[in-house]
Amino acid sequence: MKRLLYIFLALGLLINYACATHWTRAIQSGGIAQKQFKESVTIEIRNGLIFVPVTIQGREYRFLFDSGAPLSISHKLQDDYNFKIISTGNLIDSDHNIKRIKWAKVESISNGKVSFNNQSVFIGDFEANPFLKCLEIDGIIGSNLLRHCNWTIDQEQKSLTFSDSLDKDDLNGSIKIPFRTDNQYNMYTDISVGRATVRNILVDYGSNGSIALNDEIFNTLKGRNILGETIIEKGMQQSGIVGKAVPLNREIVYADSVSIDNNSLKKVMLRTGKTVSIGNQLLSRFRVTIDFNNKTLHLLETKVVQDSIYIPGFKLGYLSDQGVYVQSVIEFSNAYEKGVRANMKVNKLDRLNFKDGDNFCDYANHKLGNMIFMELIDSTGLSKEYNFEKTIY
């Protein structure tokens with residue numbers, strides 16, 4: 001049975017450039033030192049996200065692989081190396097929070113033996129979002145670096161392969177779908193949901209969710225009776241890189257009506273959100289090859305999806321003045337029926353004791369079993385214990 005850690009991260013960065021003409025040129029800068037190459041590196045998969053080893057000036061760092069965001073480095077890396085600042089701009093994250101950022105030029109970033117030269121990077125604060133802080137990343141391998149070559153993401157084998165050309169034999173049996181890019185080199189494609197086609201959906205490895213749709217698209221699908229009965233998640237969310245918690249009231253459905261190039265997929269989670277994107281919860285079902293030369297995705301299905309999905313029914317968050325708390329709850333889940341509500345302070349979760357040494361990062365790395373124990377403090381200040389099973393969908 002598939003078990004999901006109920007944390008969805010979707011950085012979903014959109015850069016609003018201070019000088020559009022300048023940035024249209026700047027983000028196109030850079031290249032690869034090698035002319036002919038095929039290189040593979042071992043990736044780490046944690047909390048439904050992909051992490052890649054990267055070398056800068058002889059030192060190895062840990063970067064998030066994120067096709068839905070530009071290339072980025074942390075403030076610490078910028079402090080260490082003092083890369084040349086080339087511009088400033090506004091960052092708009094997946095929660096639509098806005099933050100002023102600086103852009104720098106990095107002379108060389110290496111993956112394995114392949115060097116990506118003169119790359120434009122934004123300088124990110126990866127500690128503003130508590131969950132992102134727990135991932136301990138030094139940067140983001142983003143869309144403007146990915147566009148330089150072709151990539152194969154094989155999560156079963158935990159490998160990332162990148163090359164100047166593709167071997168057609170490696171693509172046998174795969175689904176081929178075209179994609180389009182914007183001036184940030186984000187990839188957009190189309191999927192089918194029942195009789196409808198959802199166009200311009202972002203391919204976003206930086207999200208560990210499945211399919212996010214805006215309210216208009218989601219309600220249109222509901223109105224055409226394409227989606228089944230939905231469930232409601234309420235509370236707060238904190239999924240963007242800026243880290244500010246915002247109110248959450250979204251619908252979720254698990255559907256068998258999603259298809260890619262006439263290939264039907266089972267038990268795909270669709271949810272409302274501020275972005276329209278495909279995240280790694282769905283992408284991880286495939287070995288994906290990104291052919292940037294021909295603007296084509298090749299998807300080879302590798303993962304068998306079970307008929308039943310088990311979910312906790314709640315998500316935890318962290319605020320400096322509140323500590324670990326219940327960030328959101330799915331209505332009528334087992335957690336909800338037992339009395340778990342958004343904004344309750346969390347003292348204990350399973351073996352984790354937040355009153356005695358454990359912290360939010362311990363939760364972020366914790367694998368929930370089918371049976372869940374919680375000790376919570378309600379709005380009246382009373383402490384109460386809760387025992388429940390995950391909810392089956």
Side-chain angles (χ1 to χ4, degrees), residues 11-15 17 23-44 49-57 59-74 77-78 81 83-84 86-87 89 91 101-124 126 137-153 159-166 179-188 202-207 241 280 283 288-295 297:
L11 303 182
L13 305 181
L14 172 66
I15 304 301
Y17 303 119
W23 264 105
T24 300
R25 294 193 307 268
I27 205 165
Q28 293 175 1
S29 67
I32 300 179
Q34 293 78 4
K35 297 298 182 184
Q36 294 182 324
F37 60 91
K38 184 176 183 180
E39 181 78 2
S40 293
V41 297
T42 300
I43 59 177
E44 175 192 356
L49 297 168
I50 298 171
F51 302 90
V52 183
V54 165
T55 301
I56 298 176
Q57 295 191 15
R59 296 181 61 184
E60 186 171 288
Y61 296 98
R62 186 168 179 269
F63 276 43
L64 174 69
F65 184 84
D66 185 356
S67 58
L71 184 63
S72 175
I73 61 170
S74 67
L77 259 66
Q78 176 60 18
Y81 294 113
F83 295 116
K84 182 181 178 181
I86 55 176
S87 189
L91 178 149
I101 58 169
K102 293 180 179 180
W103 284 74
K105 182 75 72 178
V106 177
E107 291 81 4
S108 178
I109 295 177
S110 298
N111 290 100
K113 297 178 182 178
V114 178
S115 297
F116 298 83
N117 298 333
N118 297 315
Q119 299 297 312
S120 301
V121 303
F122 80 86
I123 302 167
F126 302 132
I137 64 172
D138 300 300
I140 294 171
I141 291 291
S143 53
N144 55 314
L145 183 141
L146 296 179
R147 57 103 179 183
H148 289 299
C149 61
N150 304 301
W151 304 77
T152 296
I153 304 100
S159 71
L160 178 68
T161 302
F162 38 102
S163 61
D164 65 301
S165 61
L166 293 172
F179 66 83
R180 301 164 291 280
T181 59
D182 57 18
N183 61 8
Q184 197 171 286
Y185 299 102
N186 291 329
M187 296 178 290
Y188 297 88
L202 175 68
V203 180
D204 187 8
Y205 273 101
S207 165
I241 193 172
N280 195 43
L283 294 169
V288 178
T289 296
I290 305 170
D291 181 352
F292 255 101
N293 293 330
N294 298 298
K295 298 291 191 294
L297 295 173

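Keep in mind that the numbers below use all heavy atoms, side chains included, and drop hydrogens, waters and symmetry copies.
Between the Asp138 side chain and the Arg62 main chain, a donor and an acceptor come within less than 3.5 Å of each other. No donor-acceptor pair closer than 3.5 Å links the side chain of Asp66 to the backbone N or O of Gly142. Between the side chain of Asn280 and the backbone N or O of Tyr205, no donor-acceptor pair lies under 3.5 Å. Looking at Ser67, its side chain does come within 3.5 Å of a backbone N or O of Val203 through a donor-acceptor pair. Formation of a donor-acceptor pair under 3.5 Å by the Ser115 side chain with backbone atoms of Ser108 is not found in this model. Under a 3.5 Å cut-off, the side chain of Ser74 and the backbone N or O of Leu77 do form a donor-acceptor pair. Listed for the Asn144 side chain is a donor-acceptor partner under 3.5 Å among the backbone atoms of Leu71. Under a 3.5 Å cut-off, the side chain of Gln34 and the backbone N or O of Lys113 do form a donor-acceptor pair. Side-chain N or O atoms of Ser72 include one that pairs as donor or acceptor with a backbone N or O of Phe122 at under 3.5 Å.
Between the side chains of Ser159 and Ser40, no donor-acceptor pair of N or O atoms lies under 3.5 Å.
Within a 6.0 Å radius of NZ in Lys295, other residues, nucleotides and ligands contribute more than 12 heavy atoms. Within a 6.0 Å sphere centred on NZ of Lys102, other residues, nucleotides and ligands contribute 12 heavy atoms or fewer.
With values rounded to the nearest 0.5 angstrom, Thr152 atom OG1 is found 9.5 Å from Asp291 atom CG. The SG atom of Cys149 sits 7.0 Å away from atom CZ of Phe162, with the distance rounded to the nearest 0.5 Å. Taking CG of Asn150 as the reference point, atom OG1 of Thr289 lies at 8.5 Å (rounded to 0.5 Å). Atom CD1 of residue Ile141 and atom CD1 of residue Ile43 lie 12.5 Å apart, to the nearest 0.5 angstrom. Distance check, rounded to the nearest 0.5 Å: OG of Ser110 to CD of Glu60 gives 11.0 Å. For the atom pair CG of Asn186 and CG of Leu202, the computed distance is 5.5 Å after rounding to the nearest 0.5 Å.
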- Task: Please report the C-alpha distance between Phe126 and Ile140 in whole Å, then the side-chain angles of each, then the deciding distance to 0.1 Å, and finally whether the side-chain contact (heavy atoms from CB on, under 4.5 Å) criterion is met.
- Result: CA-CA 10 Å; Phe126 302 132; Ile140 294 171; 3.9 Å; yes
- Task: Given side-chain contact (heavy atoms from CB on, under 4.5 Å), test Ile290 with Phe179 step by step and report yes or no.
- Result: CA-CA 9 Å; Ile290 305 170; Phe179 66 83; 4.1 Å; yes
- Task: For the pair Tyr185 and Leu145, evaluate side-chain contact (heavy atoms from CB on, under 4.5 Å) and give the outcome as yes or no after the intermediate values.
- Result: CA-CA 9 Å; Tyr185 299 102; Leu145 183 141; over 6 Å; no
- Task: Could you go through the side-chain contact (heavy atoms from CB on, under 4.5 Å) check for Asp164 and Lys35 one step at a time?
- Result: CA-CA 7 Å; Asp164 65 301; Lys35 297 298 182 184; over 6 Å; no
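Between Phe63 and Asn111 there is no side-chain heavy-atom pair separated by less than 4.5 Å. Looking at Phe292 and Met187, their side chains come closer than 4.5 Å, going by heavy atoms from C-beta outward. Residues Arg147 and Thr181 fail the side-chain proximity criterion, which asks for heavy atoms closer than 4.5 Å. Side chains of Phe83 and Lys105 form no contact here, defined as non-hydrogen atoms less than 4.5 Å apart.
Taking both residues in full, the closest heavy atoms of Ala104 and Gln78 are given as CB-OE1, 4.1 Å, listed atom of the first, atom of the second, then distance. Across all their heavy atoms, Ala33 and Asn117 have their closest contact at CB-ND2, 3.5 Å.
Applying the ring-ring contact (aromatic ring centres under 6.0 Å, His included) test to Tyr188 and every residue at least two apart in sequence or in another chain returns nothing. Qualifying ring-ring contact (aromatic ring centres under 6.0 Å, His included) partners for Tyr61, counting only residues two or more places apart in sequence or in other chains: none. Listed by chain and number, the residues in a salt bridge (charged side-chain N to carboxylate O under 4.0 Å, His left out) with Glu39 amount to none (sequence neighbours excluded).
Between Phe116 and Trp151, the ring planes lie parallel to each other; the angle is under 30°, not in the 30° to 60° tilted range.
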